[in-house]
Amino acid sequence: MRSRSAQTMIYWLMRAFTYFVLIVIAYIIFDIIRNGMPVLSWEFLTESPRKSGAEGGILPAIVGTLLLVLGTMAAALPLGMASAIYLSEYAKRGRFTEMLRLAILTLAGVPSIVFGLFGLGLFVLFLNFGASIIAGSLTLACMVLPTIIVSSEEALQGVPQSLREGSLALGATKWETIRKNVLPYAIPGMMTGSILGIGRAAGETAPILLTVAAFYLPGLPDSIFDQVMALPYHLYVLATQHPSADLVRPMQYGTALVLMILVMTVNLAAVLIRSRMRKKYRW
Amino acid sequence: MVVTELKAIKVETKVRVRNTDFYYGSEQALYGINIDVPARQVTALIGPSGCGKSTFLRTLNRMNDIIDGTRLVGEVMIDGEDIYNENTDVVALRKKVGMVFQKSNPFPKSIFDNIAYGPRLHGITNKDELTAIVEKSLIRAALWDEVKDRLHKSALDLSGGQQQRMCIARALAVEPQVLLLDEPASALDPRSTARVEELITELRKDLTILIVTHNMQQAGRISDFTSFFYEGRQIEFGPTKRIFTNPGEKKTEDYITGRFG
């Protein structure tokens, strides 16, 4: 009897904690929508900021963030997937591979400002890209690589060994087996994990602060060696650096709302890819 | 004694294994295996779990290569060629020596694409040619009538027994000369098992078949020769009839009569 009431209590306690977390998230989202919606207009989305962000829109920041996301994908997806294929399919189990894995996990735990500093040192200064889209994308790519590698490797490991054996037994080489009878089934999972990682990168401020983001830049970039504005950094500037931060509060909320919608769209895309492909391949 | 028995019924040898040891890392799994597998006959490999019969089967198409740290010492000859020679083309070997696994492993593709997988690997791209191969392979595997109207549906929708026969058809599509079957019917119901057994008897006309089985009745029904493995060693090899009626070794007799295993 006593243990049963303890059970019930623990159950409700756990449940209450879970609801508390949900309430906090719901409140944040609600608050951003409530305060952001009023400024959300065609003008806000398609015009450049005026009077250092107090008026006008945030188009350069939206374009900048989209370009950074694309650049990050272009750099990180091939590299991360190739590493995952190597680790999952080729690497022999041993001390070296274990160290490699440990290094990747460590990389995942490095604070983003450190990645920013690394990007500043390597891409901006040493490789002389300057503060630019390419420097920012590569920095963000470094940051999301561990996520991409780990989730891609999991997706590859999810493909049953019997499919590899079946292919090899028919006279396929290892690479033919990977290309024709492993990757097609693993790609959806690899994409999902990778896109979720990149979605997170879209909202990062510290790495782009040091490598690409411009304080104020009314025009759109011409090349990947140009600087751009970006949503997270624009938000930071409006909220803390603006001479009259209180007055531009609605603009801050509008920017936050756009950033949130953008990241959620990316995540939704990942979830959709996964559920569509799950129906196609099952074993 | 093995040799005289074979000579008596005049069969050529397809696979000749001499003094073969096999290791998983430092653990030895096979000890001094000697066996002459006769061509176009069914040879059953029997023995208790973990006796090395599956490991032995997988040495014949070098499937053990994919496991890190495995090592083979000795000679494994197919048609007089040492398949562990460093010049061996493993791809060509596996085309010649097909394999069907214990658990059916249909690829998550259509039936057609499953069967055409092997031929496509080996360079056949012509649609008509592929269609002909698919039909022929399914007919040989006695599955054609059941699936001819749904070749482009997923192979995963087939029943367990059909899946296993499709895997046999897939192996046949690359025209192997030797077929290795690793307990192909152990996961099937009696009716499906009977169909697979009929199929094996039919295929025996053109193919050299080695089958690992735990089922003594099955070995007795479908095989011409039987090899008994125990703790990594081959205890006895001979015509199935003789092994089952008049085993030369006490261990063989005990196993066949169900006293252990």
Side-chain angles (χ1 to χ4, degrees), chain A residues 84-101 152-192 273-283, chain B residues 25 57-58 60-70 89-110 113-123 137 154-157 163-164 166-176 178-182:
Chain A
I85 292 171
Y86 171 74
L87 282 174
S88 163
E89 308 297 320
Y90 287 98
K92 288 197 193 306
R93 309 272 169 258
R95 184 174 283 182
F96 177 72
T97 317
E98 284 319 303
M99 267 170 53
L100 217 57
R101 266 175 232 280
S152 296
E153 201 191 340
E154 269 169 20
L156 286 164
Q157 290 296 314
V159 177
Q161 183 65 15
S162 65
L163 297 184
R164 294 181 182 84
E165 292 192 345
S167 171
L168 291 169
L170 289 167
T173 61
K174 186 155 192 165
W175 173 237
E176 283 168 336
T177 297
I178 293 170
R179 192 160 49 91
K180 296 185 174 176
N181 219 27
V182 177
L183 273 186
Y185 320 134
I187 285 268
M190 296 169 90
M191 291 294 287
T192 305
I273 292 177
R274 179 165 54 187
S275 69
R276 246 190 66 187
M277 294 298 184
R278 273 224 181 120
K279 274 182 217 143
K280 206 167 151 200
Y281 301 122
R282 68 213 145 74
W283 39 75
Chain B
L57 196 74
R58 292 164 64 98
L60 302 182
N61 65 344
R62 291 187 53 172
M63 212 54 191
N64 287 322
D65 287 13
I66 65 174
I67 304 167
D68 286 345
T70 56
D89 177 357
V90 180
V91 166
L93 169 71
R94 292 189 182 142
K95 187 171 179 292
K96 185 170 171 180
V97 184
M99 184 168 221
V100 174
F101 298 82
Q102 178 174 3
K103 199 173 161 290
S104 64
N105 55 351
F107 303 155
K109 304 171 185 282
S110 72
D113 287 340
N114 263 274
I115 313 289
Y117 188 90
R120 278 179 178 143
L121 284 175
H122 303 296
S137 308
S154 171
L156 300 171
D157 294 332
Q163 285 187 3
Q164 195 58 299
M166 192 210 69
C167 292
I168 295 176
R170 192 173 65 194
L172 294 175
V174 295
E175 301 278 347
V178 180
L179 193 59
L180 310 175
L181 303 162
D182 191 357

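Letters A, B, ... mirror the listed sequences (proteins, then strands); counts begin at 1. On a predicted model such as this, the values are computed, not experimentally measured, just so you know.
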**Request:** Look at A/Glu165 together with B/Arg58 and state whether they make a salt bridge at an N to O cut-off of under 4.0 Å.
**Result:** yes

Toward chain A, the part of [X] with a non-hydrogen atom under 4.5 Å:
X: B/Arg62; value: neither
X: B/Pro106; value: backbone
X: B/Leu121; value: both
X: B/Phe101; value: side chain

**Fill in**
Checked B/Val174, B/Val97, B/Ile66 vs chain A; the most non-hydrogen pairs under 4.5 Å come from B/Ile66

**Request:** Sort out for me which of B/Met63, B/Met99, B/Lys95, B/Arg120 touches chain A most, counting heavy-atom pairs under 4.5 Å.
**Result:** B/Met63

**Fill in**
Okay, A/Gln161 and chain B: the region with an atom under 4.5 Å from a heavy atom over there is side chain

**Prompt:** Does any pair with a residue in residues 174-191 of chain A pass salt bridge (charged side-chain N to carboxylate O under 4.0 Å, His left out), and if so which ones, sequence neighbours excluded?
**Reply:** none

**Request:** Answer yes or no: does atom NZ of B/Lys96 have more than 12 heavy-atom neighbours from other residues, nucleotides or ligands under 6.0 Å?
**Result:** yes

**Prompt:** Just by distance, do the side chain of B/Asn105 and the backbone of A/Ser162 share a donor-acceptor pair under 3.5 Å?
**Reply:** yes

**Donor-acceptor contact below 3.5 Å, side chain B/His122 vs main chain A/Leu170** = yes

**Item:** Considering all heavy atoms, the nearest B/Tyr117-A/Ser167 contact
**Value:** OH-OG, 2.6 Å

